Enquirer: 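This structure is in structure tokens; I'll ask about it shortly.
Note that the structure is a prediction, hence the values are computed from the model and not measured. Residue numbers start from 1 in every chain, and the chains themselves are labelled A, B, ... in the order their sequence lines are given, proteins ahead of strands.
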Amino acid sequence: MGTFTYFPHTQEDIRTMLDRIGVRSLDELYADVPSEFIHKGEYGLPSARSEEEVRAWFKDLAGKNTELKVFVGAGAYDHYTPSVIPYITSRSEFLTAYTPYQCEISQGTLRYIFEWQTMICALTGMDVANASVYDGPSAAAEAMRMCVACTRKRNTVVASSGLLPNVLETLRTYARYSGINLVETWDVYEAVGEGTLDLAGVIVPSINRFGVIERHLGLADLVHEAGALLVEYCDPSALSVVKTPAEWGADIAVGDGQSLGIPLCYGGPYVGFIACREQWMRKLPGRIVGQTADAEGRRAFVLTLQAREQHIRREKATSNICSNESLMALWCTVYLSLMGPEGMRKLNALCYEGSHYLHDALLATGKFADPFEGREFLKEFALKPLCDVKKLQQALLDAGFFAALQTEEGYVTFCVTERRTREEIDALVKVVKEAEL
Amino acid sequence: MSKVIEGLLYSESHEWVKIEDGLAVIGVSDYAQAEMGDITYVDLPSEGDEVSAGEEFGALESVKASSELYSPVSGTVEEVNSELESAPEKVNEDAYAAWIIKVRLSDESELDALMDAAAYTASLK
Amino acid sequence: MKYYDKLIFELSRPGRCGYSLPASILGGKECACSNVGSKEAPVSGGVWRETPLTLPEVSEPDVVRHYTNLSQMNFGVDTGFYPLGSCTMKYNPKINEEIVSAFNGLHPLQPENTVKGALEVLDFVDGALAEITGMKHFTFLPCAGAHGELTGLMIMREYHMRRGDTARTKVIVPDSAHGTNPASAAVCGLDIVVVKSRPDGLVDVEDLKPLLGPDVAGIMMTNPNTLGLFERDIKEIAELVHECGGLLYYDGANMNPLLGVVRPGDMGFDIMHLNLHKTFSTPHGGGGPGSGPVGVAERLVPLLDVPRTSGFHGNFGIILRACAYILMLGRENVKMAGPLATLSANYIKESLKDCFKLPIQTVCKHEFVFDGLAEPNGVTTLDVAKRLLDYGFHAPTIYFPLLFHQALMIEPTETESLETLDAFIEVMRVIAREAAENPELLHTAPHNTPIGRPDETGAARQPVLKYTK
């Protein structure tokens, strides 16, 4: 055996330790394992590499990806990451800590989670938020389960077909195995109006899969009259300017924090959030941080309301979730601290400016129709293609653009964030104009 | 030594029952509150809920534990002690004063299965 | 560590900002739509926010200093020894962090021929994990261990459902299992049946036998279990469960001691998850993001992608880090990881068993459990844990597993030197002496941390869960 950079043991150390234990060899520590289960021979893995070789390996692979100008959203948005954020989140005191079980030496983690909870409440208008969950789609699934738990014996949840495809897929998965009756519909008003006594909750998008900012006038009243809960799925970045779940009268707000400056990174890690009215606080899944004081009266933060959780309640817990996405919650917290209310408003204004410019220019090419004329959108919109979509997508890819994502309904969507420039937008439009489609 | 009060009936899961104005008043024993330590939350049912003997109707929570409450009798919840929502410590202060629910009995014979003070005291040893 | 008592909201002053954005997209002096979201929004559609947004207004230097100060009240693996049982707090290599940014720009829905490098990473890690575990293939969708358990149990249910075997609604879980096991099973719509442990800490096969039948979907096992003991009857258990038509799920939380030694697939497990943030060295990040890929045996491969439990492709950034670790380990070093972790745990166990109660004396794997001090003198496991913080160590996992009242679960991992282990052992002995001589010192510990023991009862009775002015 040679030496390895992560293992500090010298041969002499190993000998000392074996002697203390009273065994002759490392193998003897596995004497209780039936010998047929001990893996003999080599593992089919490559030979150990040096750090520089590892770096080269990844450089080589990264080179096989195509860097594209991203004009697609669909739940993952190409917003700018201020340089402060990776600087802070790579501090090893944050990065290499675990869940703050020992609060006396985890006040850093506990404080930023408390700040995150506060900011999620500010964005959504809700009273209480948890320390985060895996991602937006799984947050929606947790909210679906919350609806069932909050209404006790009820078991039907209505989900708008306008939710993002991956949110619906995740809802279907969780519903299938936990026995929840999930009803998908384009008309939630009608579905609620049908008046099933089994209705536990209704899940609608704040901004739907076509980028349209939805109006939920009177929906909350209807849902509450039916004895159920209203859940809004939202883009937290957009919530700085669009009507909040609280303003629509929702009980639970969920979504993905990715739009708060988290890099696309091929789909993760992102961070889900769940916030709710105080009334449902005890049914929230996952970790929650609360403020208290120590014996000397110093302000202190702790994991609280833990009796909801799996390590105490086991099969009766509100959820099986244990870890959250703490570091990504820090990411978003630092982002929102930097941006402030004014930065968030300006950011959305830039997205609005760019997306509407592109929208109008694409329509002017005559290759699209606008199926949602008159409906407000922010950074993402859908058009009905009057041309061959495959050829359109290929022409855009060839020119270095990822754009015109096709929806199940046959539309194509575009998204413009503040990272896109006029030059890029004009170049994209030129491709569309000139390509033979 | 935890306190056991004469005249009440007790269940194996440490709830007490007292018949008052035709209703079964239900709480937890002093032993149960002491085992839990500082109670931080009482999860209460709603008025009108149906409960049945031996089934869960709520829970006590402390910082590091949770303990289900089991109804000693069957019937309809007529009243819940909503004072406990904001003051769960009352269960610690006097477990026999801090009743939790009042149930209209559907089967009085279920009371026969419960222990009297002497039997309950013996069961704690 | 010094105490720092600010929240970012308390640094806020109207008019300060920490952002830097282009003036406009279209090239004007200002954004043509700067009034979006304000009262005079471009088209008033009743869709705009009316409530003022209360976020902090702070400058960039304020932000950097604030979070730097917060970080200094935190303890991580880079700060010191972190023997948190069942959490495998091993060293997080720095090269892992460096390689991620080259993949940051990839949108998860990009066409496959534009993400060939990313797909090659997933393919490589799939193959490597399959080789290490004896499974056939992995899905990377689950974002954490518990998420993996849930996804794996969904695959288990799907397997039975597709065969029309809908009566299999029970899952067997040992009493020593992690709390996530029964919780995941419940979320997956399964009923939990508990199988007891014997006095020697292993699953009681005789207690298991009568539980098996046509209603059993499977069993969830952690091997080695949460006491750090290898379930040596695993072969018989696997045969019994398979005979009754059930599947075996392997909770990979305790995979570390088997890394490079034993493959769950060889022991008869059908489905498993790995915690890349434990066994494969990715950072825990204060409680995530992790990654909990699920592997299955060959006959379950068609079901691998059926449960869609997260939005895109899982936590790709974490998988990249694990990939770097696997490349660094290579086939040579992988064989040392498990044995050295096991060596460290046994070394601590043997060095402290005279001062701490050791309920199970046999050789352990990566972790073991003390049941409090040998002579407690009124000192609890909580007191010991808190006193350890004063000496610059993180505490072990406490009050778990539930089999013992004063459980102290210690997992040192393979990345700690003999000197570190000796220093920890010495401090534990000092604490045992303090317990005999001055128990009050322990009851009131910690004394040298930014805060003392907080009022957790008050926090739970009157929850304050967000900042208000």
Enquirer: Distance only, no hydrogens: is a donor on one side chain within 3.5 Å (strictly under) of an acceptor on the other, for C/Tyr82 and A/Thr96?
Expert: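 No donor-acceptor contact under 3.5 Å links the two side chains.
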
Enquirer: Under 3.5 Å, side chain of C/Asn74 to main-chain N/O of A/Thr109, donor-acceptor pair present?
Expert: yes

Enquirer: Relative to chain A, which segment of C/Val363 carries a heavy atom at a distance below 4.5 Å: side chain, backbone, both, or neither?
Expert: both

Enquirer: What part of C/Tyr91 gets closer than 4.5 Å to chain A, counting heavy atoms only: side chain, backbone, both or neither?
Expert: side chain

Enquirer: Please rank C/Pro52, C/Ala185, C/Ser351 by heavy-atom pairs under 4.5 Å with chain A and give me the top one.
Expert: C/Ser351

Enquirer: Would you check, one step at a time, whether the test side-chain hydrogen bond (donor to acceptor under 3.5 Å, both in side chains) holds for A/Lys346 with C/Tyr19?
Expert: CA-CA 10 Å; A/Lys346 278 193 178 152; C/Tyr19 63 86; 3.1 Å; yes

Enquirer: Hey, is A/Glu42 close enough to C/Arg331 for a salt bridge, meaning N to O under 4.0 Å?
Expert: yes

Enquirer: Tell me, for C/Met1 versus chain A, whether the close heavy atoms (under 4.5 Å) come from the side chain, the backbone, both or neither.
Expert: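 It is the side chain, since no backbone atom gets that close.
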
Enquirer: Just verifying a value: how many Å separate C/Ile451 CD1 and A/Gln107 CD, rounded to the nearest 0.5 Å?
Expert: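 CD of A/Gln107 is found 3.5 Å from CD1 of C/Ile451.
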
Enquirer: Any donor and acceptor pair, going by atom type alone, linking the side chain of C/Lys365 with main-chain N or O of A/Leu29 inside 3.5 Å?
Expert: yes

Enquirer: If you measure only the distance, is there a donor-acceptor pair under 3.5 Å linking the side chains of A/Gln102 and C/Lys386?
Expert: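 Note: A/Gln102 and C/Lys386 side chains meet the donor-acceptor criterion.
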
Enquirer: Distance check, rounded to the nearest 0.5 Å: C/Leu327 atom CG versus A/Arg55 atom CZ?
Expert: 13.5 Å

Enquirer: Of all of A/Val334, A/Thr421, A/Ile288, which one pairs up most often with chain C through heavy atoms under 4.5 Å apart?
Expert: A/Val334

Enquirer: Between the side chain of A/Glu247 and the main-chain N/O of C/Thr51, is any donor-acceptor distance below 3.5 Å?
Expert: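 Yes, A/Glu247 side chain to C/Thr51 backbone: donor-acceptor pair under 3.5 Å.
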
Enquirer: A/Thr292, A/Asn348, A/Val70: which one forms the most heavy-atom pairs within less than 4.5 Å of chain C?
Expert: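 Of the candidates given, the most pairs with chain C belong to A/Thr292.
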
Enquirer: Can you tell me how far OH of A/Tyr174 sits from SG of C/Cys188, rounded to the nearest 0.5 angstrom?
Expert: 10.0 Å

Enquirer: Between atom NE2 of A/His9 and atom OG of C/Ser344, what is the distance when rounded to the nearest 0.5 Å?
Expert: 3.5 Å

Enquirer: Keeping the roles fixed (side chain from A/Arg215, backbone from C/Gly46), state whether a donor-acceptor pair exists under 3.5 Å.
Expert: no

Enquirer: Need one label for C/Ile234: side chain, backbone, both or neither, based on atoms under 4.5 Å from any heavy atom in chain A.
Expert: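 For C/Ile234, the contact with chain A is made by the side chain alone.
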
Enquirer: Do the side chain of C/Glu350 and the main chain of A/Arg20 share a donor and acceptor less than 3.5 angstrom apart?
Expert: no

Enquirer: Give a yes or no answer on whether the side chain of C/Arg49 reaches the backbone of A/Leu123 with a donor-acceptor pair at less than 3.5 Å.
Expert: yes

Enquirer: Could you tell me which portion of C/Lys335 (side chain, backbone, both or neither) has an atom closer than 4.5 angstrom to a non-hydrogen atom of chain A?
Expert: side chain

Enquirer: Identify which of A/Pro82, A/Pro46, A/Gly340, A/Ala62 forms the greatest number of heavy-atom pairs closer than 4.5 Å to chain C.
Expert: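 Heavy-atom pairs under 4.5 Å are most numerous for A/Pro46.
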
Enquirer: In terms of relative ring orientation, are C/His284 and A/Tyr98 parallel, tilted or perpendicular, with 30° and 60° separating the classes?
Expert: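 Taking A/Tyr98 first and then C/His284, their aromatic rings stand perpendicular (interplane angle over 60°).
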
Enquirer: Counting heavy-atom pairs under 4.5 Å with chain C, which one of A/Glu342, A/His311, A/Glu296 comes out on top?
Expert: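 Among A/Glu342, A/His311, A/Glu296, the one with the most close pairs to chain C is A/Glu342.
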
Enquirer: Counting only heavy atoms closer than 4.5 Å, note whether C/Glu97 contacts chain A via side chain, backbone, both or neither.
Expert: side chain

Enquirer: Specify which of C/Arg232, C/Arg157, C/Glu57, C/Arg263 makes the most heavy-atom pairs with chain A at under 4.5 Å.
Expert: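 The answer is C/Arg263.
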
Enquirer: Measure C/Phe230 against the heavy atoms of chain A and call it side chain, backbone, both or neither at under 4.5 Å.
Expert: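 Both parts, backbone and side chain.
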
Enquirer: What I'd like to find out is whether the side chain of C/Gln110 reaches to under 4.5 Å of the side chain of A/Asn65, using heavy atoms alone.
Expert: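 No, every pair of side-chain atoms sits at 4.5 Å or beyond.
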
Enquirer: In Å and rounded to the nearest 0.5 Å, what is the CG to NE2 distance from C/Leu26 to A/His356?
Expert: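 Between C/Leu26 CG and A/His356 NE2, I get 12.0 Å after rounding to 0.5 Å.
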
Enquirer: Between C/Gly189, C/Gly311, C/Cys143, which residue shows the highest count of heavy-atom pairs closer than 4.5 Å to chain A?
Expert: C/Gly311

Enquirer: Is chain A contacted by the side chain of C/Leu229, its backbone, both, or neither, given a heavy-atom distance below 4.5 Å?
Expert: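 For C/Leu229, neither part sits under 4.5 Å from chain A.
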
Enquirer: Is there side-chain contact between C/Val121 and A/Leu61, with heavy atoms separated by less than 4.5 Å?
Expert: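 When only atoms from C-beta onward are counted, A/Leu61 and C/Val121 do touch, with a gap below 4.5 Å.
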
Enquirer: Do C/Glu332 and A/Ser47 have side-chain atoms, one donor and one acceptor, less than 3.5 Å apart?
Expert: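 Yes, a side-chain donor-acceptor pair sits under 3.5 Å.
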
Enquirer: Students often mix this up, so state it plainly: with edges at 30° and 60°, are the rings of A/Tyr266 and C/Phe316 parallel, tilted or perpendicular?
Expert: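 Ring orientation, 0 to 90° scale: perpendicular.
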
Enquirer: So which of A/Lys316, A/Lys59, A/Gln310 has the biggest tally of heavy-atom pairs under 4.5 Å with chain C?
Expert: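 Going by pairs under 4.5 Å, I would pick A/Gln310.
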
Enquirer: For the atom pair CG (C/Leu150) and CG (A/Asn320), what is the distance rounded to the nearest 0.5 Å?
Expert: 5.0 Å

